[in-house]
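For reference, the structure discussed in these notes is given below.
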Amino acid sequence: MAEHDMTSPLLSPRSSDQPQTVLIVPDDEDSEPADRPPSNQQSSLQAGIPLQNYNHSYGNGNGNGHVSSPNPYEFLGSDGFSVPAPTTIDPFRNGTPFVSGVYELIKILLCLPIALARLVLFGACLAIGYIATRIALEGWKDKQNPMPKWRSRIMWVTRVCARFILFSFGYQWIRRKGRPAPREVAPIVVSNHVSYIEPIFYFYELFPTIVASESHDSIPFVGTIIRAMQVIYVNRFSQASRKNAVNEIKRRASCDTFPRLLLFPEGTTTNGKVLISFQLGAFIPGHPIQPVIVHYPHVHFDQSWGLISLAKLMLRMFTQFHNFMEVEYLPTIMPPDHQKQNAVLFAERTGQAMASALNIVQTSHSYGDLMLLMKAAQLQQEKPWSYMVEMARIESLYHISSLEAVDFLDKFLSMNPDTSGCVKLHDFLRVLQLKACTLSEEIFGFLDVEKNGSITFKQFLFGSAHVLKQPLFRQACELAFAECNVEGENYCMEKDLADILRHAIPELNEDEIHGLFNLFDTDKDGRISRDDFFSCLRKNPLLIALFTPRLLHRDTSKAGDRILEEIV
């Protein structure tokens, strides 16, 4: 970035009059659509040229003709944001969480003796399979190479036990369509994930290598069995772990002596009524993939693993005469040469093939939505499913992780949303330690894109992520901290912060200043370090607007020079 970009004011001082609307008439041969800002927006901002506030929904979203309110983040390059319409799809909700109907109740009572016998069969098969697996693993140290054949033959005992376990759960027969492709043709298999039944079925049918969460290793009995499948462990929240898993997938898929690999690209179980977004681990290596789809036809009992306990799901399976399961092996999908490095397109093609075969749609939900759903349910929200935001879209647009989204949800829920999941202005200001004033109302109005006097979590998350993504956000944080760091000792005290904040909200009293200081002092050591300052603004990006007046009215050339030197 050129030096004047760092040293010039981010935006010319705002007039106290009503904001002016600038009509830009482009030349015929170099015209741009009227519904988006000009391509040189950033340079126009830095040159002090006022731009139109493109968040038109603010103030006139209901067609009432009101003038749009100022956008407090325009100095960062923001032209407003839009929020996708809410979806009524819940990909994780089990359709029959409770026993309903006389028929189902009578059937459960009649099947109780059968359930007891099935439970005994399940326990016996699990014990035999566990013993056989321990024998197969005994003394085996070289886990980086394929399991020796004589050990794999012992694992056939466990595989047969797995089929009897399926029988105990009511799957006396399983309808299959198509056949598995040879390992040398399709070294990777991907499947939709509806229940804990599919891993048991694939263990019996294919005995593949699987990719699983590190937490699975500690599951009694099951952890030992999946180790025999030469599982590739991954921590979904660790970038290094995910990278290592992808490298291991590449290595094993390229070696014909390893078993084929099985991945569930959705990353979690769904109710089977939709496909959610795919993780890219199976598609990055660029090897041919055979998709497999699993379907559980039912009338009275939904076998999907929704937000119900494992014990309850197992009991319901034990008390059914028969549970239906259909497995279809789809044609192998070959990645064209020019797409071998484009995992996104490869995943899209595979997802479309699977969704078409299942006759369902694929949504932008992800495991992050399940985390949000469970967090809202844990905090006893009346409609926890309303807090899902289709996290795959958020991650793609704004690079916000699932853990960060959960942190934003924590903050939003502390605002005491009503039964419809909406937050009013006074609760919003209370949590962000803001005083009711024009600037605070502008910040709230920036999020309230529907102009109904309240905001939803989706608006709060999209708006916060939008501010974080702005090209000048980082630079504004640097300059704001430079203004607070009056002593040049890389931290600021409460008095320093008060002097800065009163440029934005002159009426702040000592208690309100102290509340904001505590919000920024993340490590609670009585002063705000640079790490504290940036951590707070990362978690509360909307607060960057508090420093706008200071940045607009002070000569920051020296701070800009120092920051430029650090960047270089």
Between [X] and [Y], is there a donor-acceptor pair closer than 3.5 Å when you use the side chain of the first and the backbone of the second?
{"X": "Ser168", "Y": "Ile165", "value": "yes"}
{"X": "Trp140", "Y": "Asp142", "value": "yes"}
{"X": "Asp369", "Y": "Val389", "value": "yes"}
{"X": "Arg236", "Y": "Arg242", "value": "no"}
{"X": "Thr363", "Y": "Ile276", "value": "no"}
{"X": "Asp302", "Y": "Asn94", "value": "no"}
{"X": "Ser238", "Y": "Asn235", "value": "no"}
{"X": "Ser241", "Y": "Val234", "value": "no"}
{"X": "Gln303", "Y": "Met317", "value": "no"}
{"X": "Gln230", "Y": "Asn145", "value": "yes"}

Looking only at heavy atoms, which two atoms of [X] and [Y] are closest? And how far apart?
{"X": "Thr456", "Y": "Cys422", "value": "CG2-SG, 3.9 Å"}
{"X": "Leu121", "Y": "Phe164", "value": "CD2-O, 3.9 Å"}
{"X": "Phe278", "Y": "Ala347", "value": "CD2-O, 3.8 Å"}
{"X": "Ile308", "Y": "Pro97", "value": "CG2-CB, 4.2 Å"}
{"X": "Phe81", "Y": "Phe446", "value": "CE2-O, 3.2 Å"}
{"X": "Glu390", "Y": "Thr87", "value": "OE1-CG2, 4.1 Å"}

Open item on the list: Please determine whether side chain to side chain donor-acceptor pair (under 3.5 Å) holds for the pair Tyr387 and Gln381, giving the CA-CA distance in whole Å, both sets of side-chain angles, and the decisive distance to 0.1 Å.
Closed with: CA-CA 9 Å; Tyr387 294 96; Gln381 296 301 302; 3.1 Å; yes

Would you check if there is a donor-acceptor pair between the side chains of [Y] and [X] at a distance under 3.5 Å?
{"X": "Ser366", "Y": "Ser277", "value": "no"}
{"X": "Glu248", "Y": "Tyr233", "value": "no"}
{"X": "Thr224", "Y": "Arg227", "value": "yes"}
{"X": "Ser78", "Y": "His466", "value": "yes"}
{"X": "Ser191", "Y": "Tyr202", "value": "yes"}

Kindly indicate whether the side chain of [X], heavy atoms from C-beta on, has any atom under 4.5 Å from the side chain of [Y].
{"X": "Met155", "Y": "Thr133", "answer": "yes"}
{"X": "Ile200", "Y": "Arg163", "answer": "no"}
{"X": "Pro288", "Y": "Pro187", "answer": "yes"}

TODO: Before giving the answer on side chain to side chain donor-acceptor pair (under 3.5 Å), spell out for Tyr296 and Glu198 the whole-Å C-alpha distance, their side-chain angles and the decisive distance to 0.1 Å.
DONE: CA-CA 11 Å; Tyr296 298 89; Glu198 300 103 51; 2.5 Å; yes

Task: Audit row: Ser402, Glu395, side chain to side chain donor-acceptor pair (under 3.5 Å) steps and yes/no - done: CA-CA 8 Å; Ser402 299; Glu395 292 172 350; 3.1 Å; yes

Open item on the list: Quick check on the 6.0 Å ring-centre criterion: do Phe203 and Phe207 meet it?
Closed with: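 Centroid separation for Phe203 and Phe207: below 6.0 Å.
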
Spatial distance of atom [atom1] ([X]) from atom [atom2] ([Y]) [nearest 0.5 Å]:
{"X": "Phe98", "Y": "Glu104", "atom1": "CZ", "atom2": "CD", "result": "14.0 Å"}
{"X": "Leu307", "Y": "Asp90", "atom1": "CG", "atom2": "CG", "result": "7.5 Å"}
{"X": "Leu409", "Y": "Leu372", "atom1": "CG", "atom2": "CG", "result": "5.5 Å"}
{"X": "Ile226", "Y": "Phe221", "atom1": "CD1", "atom2": "CZ", "result": "14.5 Å"}
{"X": "Leu370", "Y": "Thr270", "atom1": "CG", "atom2": "OG1", "result": "10.5 Å"}
{"X": "Thr350", "Y": "Gln362", "atom1": "OG1", "atom2": "CD", "result": "9.5 Å"}

Task: Trp156 six-ring face occupied by Arg159 cation (under 6.0 Å, within 45°) - done: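 Yes, a cation-pi geometry.
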
Open item on the list: Both conditions, 6.0 Å and 45 degrees, for the charged tip of Arg176 above the ring of Tyr329: are they met here?
Closed with: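 Because its charged atom misses either the 6.0 Å distance or the 45° angle limit, Arg176 does not stack over Tyr329.
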
Open item on the list: Over 60° means perpendicular and under 30° means parallel, so tell me whether Phe412 and Phe460 are parallel, tilted or perpendicular.
Closed with: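 Geometry flag for Phe460 against Phe412: tilted rings.
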
Open item on the list: For a ring pair (Phe, Tyr, Trp, His ring centres under 6.0 Å) check, start with the C-alpha distance between Phe324 and His298, then their side-chain angles and the critical distance, and finish with the verdict.
Closed with: CA-CA 7 Å; Phe324 293 90; His298 69 275; over 10 Å; no

Open item on the list: One pair to check against side chain to side chain contact (heavy atoms under 4.5 Å, CB included): Gln290 and Val190. What are the steps and the verdict?
Closed with: CA-CA 6 Å; Gln290 182 174 33; Val190 298; over 6 Å; no

Do other residues, nucleotides or ligands put more than 12 heavy atoms under 6.0 Å from the [atom1] atom of [X]?
{"X": "Met374", "atom1": "CE", "answer": "no"}
{"X": "Lys312", "atom1": "NZ", "answer": "yes"}
{"X": "Arg251", "atom1": "CZ", "answer": "yes"}
{"X": "Lys411", "atom1": "NZ", "answer": "yes"}
{"X": "Glu184", "atom1": "CD", "answer": "yes"}

TODO: For Leu261 and Val189, run side chain to side chain contact (heavy atoms under 4.5 Å, CB included): C-alpha distance rounded to whole Å, both residues' side-chain angles, the deciding distance at 0.1 Å, then the answer.
DONE: CA-CA 6 Å; Leu261 289 105; Val189 172; over 6 Å; no

- [ ] Could you give me the CA-CA distance, side-chain angles and deciding distance for Lys107 and Thr319, then say whether side chain to side chain contact (heavy atoms under 4.5 Å, CB included) is met?
- [x] CA-CA 7 Å; Lys107 180 172 64 175; Thr319 53; over 6 Å; no

TODO: Let me see the working for Arg183 and Asp256 under salt bridge (Lys or Arg N to Asp or Glu O under 4.0 Å), right down to the final yes or no.
DONE: CA-CA 7 Å; Arg183 196 267 182 223; Asp256 290 338; 3.3 Å; yes

Open item on the list: Working note: Tyr171 + Phe167, criterion ring pair (Phe, Tyr, Trp, His ring centres under 6.0 Å); need CA distance, chi angles, decisive distance, verdict.
Closed with: CA-CA 5 Å; Tyr171 299 97; Phe167 185 89; over 10 Å; no

- [ ] Step by step, work out the side chain to side chain contact (heavy atoms under 4.5 Å, CB included) result for Val231 and Thr209.
- [x] CA-CA 6 Å; Val231 60; Thr209 291; over 6 Å; no

Task: ring pair (Phe, Tyr, Trp, His ring centres under 6.0 Å) between His322 and Trp173, worked out - done: CA-CA 9 Å; His322 176 72; Trp173 65 87; 3.9 Å; yes

Open item on the list: Evaluate Phe169 against Tyr196 for ring pair (Phe, Tyr, Trp, His ring centres under 6.0 Å), listing each step before the verdict.
Closed with: CA-CA 11 Å; Phe169 282 125; Tyr196 61 86; 5.5 Å; yes

